[in-house]
Amino acid sequence: QVQLLESGGGLVQAGGSLRLSCAVSGGIFRDSTMDWYRQALGKERELVARITNSGGTNYADPVKGRFTISRDNAESTVYLQMNSLKPEDTAVYYCHAGAHRPFDRQRDYWGQGTQVTVSS
């Protein structure tokens, strides 16, 4: 029922930009904190950016000043604008929704992941 559909990944040269999109269906978007995680080969999954349902944002130190997370509630879509990309940004990027509706436990939903590769 709930689906997170990602798009926008690909191959880019160092210094370039990409914009990831995650479209959320199933009626949970406006009650959800939306996150972008990434997992590089041989490393653990890490939180990259977060935007709450109130619009507050948080960024991991390595991407501060380069990445911007935003959301469009009318389209139930979260974006990650990635500028000044570095080879160390290469990873599979995952969209995550943490839904928190009244009288219910928080429920977690994940996208399928999209590969971002930054060449030097």
Side-chain angles (χ1 to χ4, degrees):
Q1 183 101 120
V2 174
Q3 285 188 295
L4 279 62
L5 301 178
E6 299 173 340
S7 61
L11 174 65
V12 66
Q13 292 183 345
S17 298
L18 285 173
R19 189 177 75 158
L20 306 183
S21 300
C22 176
V24 181
S25 62
I28 58 95
F29 185 80
R30 297 186 188 193
D31 298 312
S32 297
T33 292
M34 299 300 305
D35 307 318
W36 287 99
Y37 286 78
R38 69 186 182 188
Q39 186 165 19
L41 279 176
K43 294 193 173 185
E44 294 187 345
R45 184 189 302 167
E46 64 174 346
L47 177 64
V48 176
R50 167 170 289 169
I51 184 166
T52 70
N53 56 350
S54 300
T57 59
N58 297 96
Y59 298 94
D61 285 340
V63 309
K64 285 180 179 176
R66 300 188 297 120
F67 290 10
T68 302
I69 189 170
S70 61
R71 65 192 293 159
D72 185 340
N73 287 339
E75 297 295 327
S76 297
T77 301
V78 64
Y79 304 94
L80 186 67
Q81 179 67 46
M82 304 185 293
N83 298 327
S84 302
L85 282 162
K86 304 175 180 179
E88 50 262 46
D89 296 318
T90 294
V92 178
Y93 284 71
Y94 297 92
C95 182
H96 169 261
H100 37 89
R101 305 223 283 230
F103 306 105
D104 193 17
R105 64 176 175 87
Q106 178 169 306
R107 298 174 183 266
D108 298 291
Y109 305 94
W110 292 90
Q112 78 283 358
T114 184
Q115 177 71 46
V116 171
T117 302
V118 184
S119 62
S120 60

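Residue numbers count from 1 along this sequence.
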Is the backbone N or O of Ser84 less than 3.5 Å from a side-chain atom of Arg66, with the two atoms forming a donor-acceptor pair by type?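 Yes, because the side chain of Arg66 sits within donor-acceptor range (under 3.5 Å) of the backbone of Ser84.
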Under a 3.5 Å distance rule, please check whether Ser32 uses its side chain to pair with a backbone N or O of Arg30 as donor and acceptor. no
Name each donor-acceptor pair under 3.5 Å that joins a side chain in residues 4-18 to protein atoms two or more places apart or in another chain, with its distance.
{"residue": "Glu6", "atom": "OE1", "partner": "Gly113", "partner atom": "N", "Å": "2.9"}
{"residue": "Glu6", "atom": "OE1", "partner": "Thr114", "partner atom": "N", "Å": "3.2"}
{"residue": "Glu6", "atom": "OE2", "partner": "Cys95", "partner atom": "N", "Å": "2.2"}
{"residue": "Ser17", "atom": "OG", "partner": "Asn83", "partner atom": "OD1", "Å": "2.9"}

Check side-chain hydrogen bond (donor to acceptor under 3.5 Å, both in side chains) between Lys64 and all other residues, then give those that pass, not counting sequence neighbours. Asp61
Residues forming a side-chain hydrogen bond (donor to acceptor under 3.5 Å, both in side chains) with Glu46, sequence neighbours excluded: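 For Glu46, the residues satisfying side-chain hydrogen bond (donor to acceptor under 3.5 Å, both in side chains) (neighbours in sequence not counted) are Arg38.
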Is NZ or CZ of Arg71 both nearer than 6.0 Å to the six-membered ring centre of Phe29 and within 45° of the ring axis?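 So Arg71 does make the cation-pi contact.
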How long is the straight-line distance from CE of Met34 back to OG1 of Thr77, given to the nearest 0.5 Å?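 Rounded to the nearest 0.5 Å, the OG1-CE separation comes to 9.0 Å.
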On a heavy-atom basis, which atom in Tyr59 and which in Ala49 lie closest, and how many Å separate them?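 So the two residues come closest at CD2-CB, 3.7 Å.
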How close do Ala97 and Ile28 get, counting heavy atoms only, and between which atoms?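 Shortest heavy-atom contact: CB-CD1, 3.9 Å.
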Check whether the ring centres of Trp36 and Phe67 lie less than 6.0 Å apart, and answer yes or no. no
So, do Val78 and Asp35 sit near enough that their side-chain heavy atoms are less than 4.5 Å apart? no
On the 0 to 90° scale, with breaks at 30° and 60°, tag the Trp110-His96 ring pair as parallel, tilted or perpendicular.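 Tilted, since the angle between the ring planes falls between 30° and 60°.
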